[in-house]
Amino acid sequence: MTNPAALSGRDLTRVFTTPSGDVHALTEVSLEVRPGELLVVRGPSGSGKTTLLNLLGGLDTPTSGEVWLGETELTAMSEPQLLEVRRTRLSYIFQSFGLIPVLSAAENVEVPLRLVATPGLDRERRVAEALDLVGLAPHANQRPYELSGGQQQRVGIARALVSEPEILIADEPTGQLDSATAATIMDLLSTLVHERGLAAVVSTHDPLLMSRADRVLELHDGRAQPRGRHSAA
Ligand SMILES: Nc1ncnc2c1ncn2[C@@H]1O[C@H](COP(=O)(O)OP(=O)(O)O)[C@@H](O)[C@H]1O
Ligand SMILES: [Mg+2]
């Protein structure tokens with residue numbers, strides 16, 4: 001293969017056991033994302049998007065099936081190995097931005113670099129670059145409450161990119177934004193993914209955001225729906 005997948009899911013199934021019975025959140029879903037590709041996972045509320053993204057990001061373990069990062073099996077890793085992967089190779093972007101309220105934009109972006117003990121000068125340079133990438137350099141010293149929703153999500157994107165990951169996972173990153181702002185955030189994500197050769201998985205329930213996708217995975221009741229030439233597997 002000339003261009004192997006950066007991230008793949010093979011027959012991913014997740015069954016939650018609850019007091020009122022088993023919940024089949026995801027059933028035998030397979031997908032592949034190559035470097036420089038944006039896969040959009042689409043489906044109504046409750047269709048299994050968050051469950052799938054949590055499995056792909058190593059935040060949850062499948063009942064059966066496998067997740068692979070390139071040629072390494074994520075689902076076979078120990079907790080310390082997973083932690084290392086989440087700090088260096090894979091980043092998450094959250095619907096609710098996940099920013100620390102008492103920290104400035106720049107300090108929020110710096111958090112992942114502090115976790116891997118990046119030297120101070122290097123940290124400053126990389127934080128400035130990441131903020132610049134998302135167009136937020138002029139707002140570096142503002143706290144989240146002094147920023148609009150779209151600007152806060154740009155901080156979330158800068159924080160995800162500052163560790164220079166190979167893989168980006170974003171669970172409904174535009175879910176709390178108005179539709180015009182959502183479109184600009186999807187444009188930014190798509191530009192960054194293509195320019196930087198990232199493999200990205202982004203979920204949304206908004207059909208208007210599909211035009212930025214290189215591949216689409218449509219979920220219904222935890223199962224992948226066939227979509228012809230754009231299908232993800
Ligand atoms: N921790 C859990 N325990 C039990 N059921 C869950 C849990 N997480 C998700 N589910 C169920 O799995 C299904 C898929 O949920 P989810 O992945 O959150 O969908 P989406 O993100 O598309 O809205 C839903 O029926 C949800 O109620
Ligand atoms: Mg969800």
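Both counts, for ligands and for their atoms, begin at 1 and track the order of listing. When reading the values below, keep in mind they use all heavy atoms of this one structure, side chains included, and skip hydrogens, waters and symmetry mates.
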For [atom], which protein heavy atom lies nearest, and how many Å away is it?
atom: atom 4 (C) of ligand 1; value: Phe16 CB, 3.4 Å
atom: atom 12 (O) of ligand 1; value: Ala25 CB, 3.2 Å
atom: atom 18 (O) of ligand 1; value: Thr50 CB, 3.7 Å
atom: atom 24 (C) of ligand 1; value: Gly46 O, 3.8 Å
atom: atom 19 (O) of ligand 1; value: Gly48 N, 3.2 Å
atom: atom 22 (O) of ligand 1; value: Lys49 NZ, 2.8 Å

Please check this pair: side chain of [X] against backbone of [Y], looking for a donor-acceptor N/O pair closer than 3.5 Å.
X: Tyr92; Y: Arg86; answer: no
X: Thr204; Y: Arg42; answer: no
X: Arg14; Y: Asp60; answer: no
X: Lys49; Y: Val202; answer: no
X: Asn108; Y: Leu103; answer: yes
X: Ser91; Y: Leu161; answer: no

Exercise for the section: Decide if atom CG of Asp221 counts as having more than 12 heavy atoms of other residues, nucleotides or ligands within a radius under 6.0 Å. Expected result: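 Atom CG in Asp221 is not packed in, count stays at 12 or less.
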Problem - Protein N, O or S atoms lying under 2.8 Å from the Mg ion (ligand 2), listed by chain and number - result: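 Only Thr50 OG1 fall inside 2.8 Å of the Mg ion (ligand 2).
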Problem - Asp187/Arg212 ion pair, N-O < 4.0 Å - result: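 Here Asp187 pairs with Arg212 in a salt bridge, since their nearest N and O are under 4.0 Å apart.
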Problem - Nearest heavy atoms of Leu217 and Leu39, plus distance in Å - result: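 In terms of heavy atoms, the two residues are closest at N-CD1, 3.8 Å.
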What atoms of ligand 1 come within less than 4.0 Å of a heavy atom belonging to [X]?
X: Val23; value: 11 (C), 12 (O)
X: Pro44; value: 22 (O)
X: Thr18; value: 4 (C)

Exercise for the section: Determine, considering heavy atoms only, which of Asp171, Asp221, Asp60, Thr51 sits nearest to atom 16 (P) of ligand 1. Expected result: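 That would be Thr51.
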Exercise for the section: Output, in order, the C-alpha distance, side-chain angles, deciding distance and verdict of side chain to side chain contact (heavy atoms under 4.5 Å, CB included) for Gln95 and Asp171. Expected result: CA-CA 6 Å; Gln95 176 174 352; Asp171 191 12; 5.8 Å; no
Practice task
Answer yes if a protein heavy atom lies under 4.0 Å from atom 27 (O) of ligand 1, otherwise answer no.
Solution key: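 No, because not a single protein heavy atom sits under 4.0 Å from atom 27 (O) of ligand 1.
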Problem - Protein contact for atom 7 (C) of ligand 1 (heavy atom, distance under 4.0 Å) - result: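 Under 4.0 Å from atom 7 (C) of ligand 1, at least one protein heavy atom found.
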Problem - Val29 and Leu55: CA distance, side-chain angles, deciding distance, side chain to side chain contact (heavy atoms under 4.5 Å, CB included) verdict - result: CA-CA 11 Å; Val29 171; Leu55 296 178; over 6 Å; no
Practice task
Give the C-alpha distance, both sets of side-chain angles, the deciding distance and a yes or no for side chain to side chain contact (heavy atoms under 4.5 Å, CB included) between Leu136 and Gln142.
Solution key: CA-CA 10 Å; Leu136 269 195; Gln142 285 168 239; over 6 Å; no
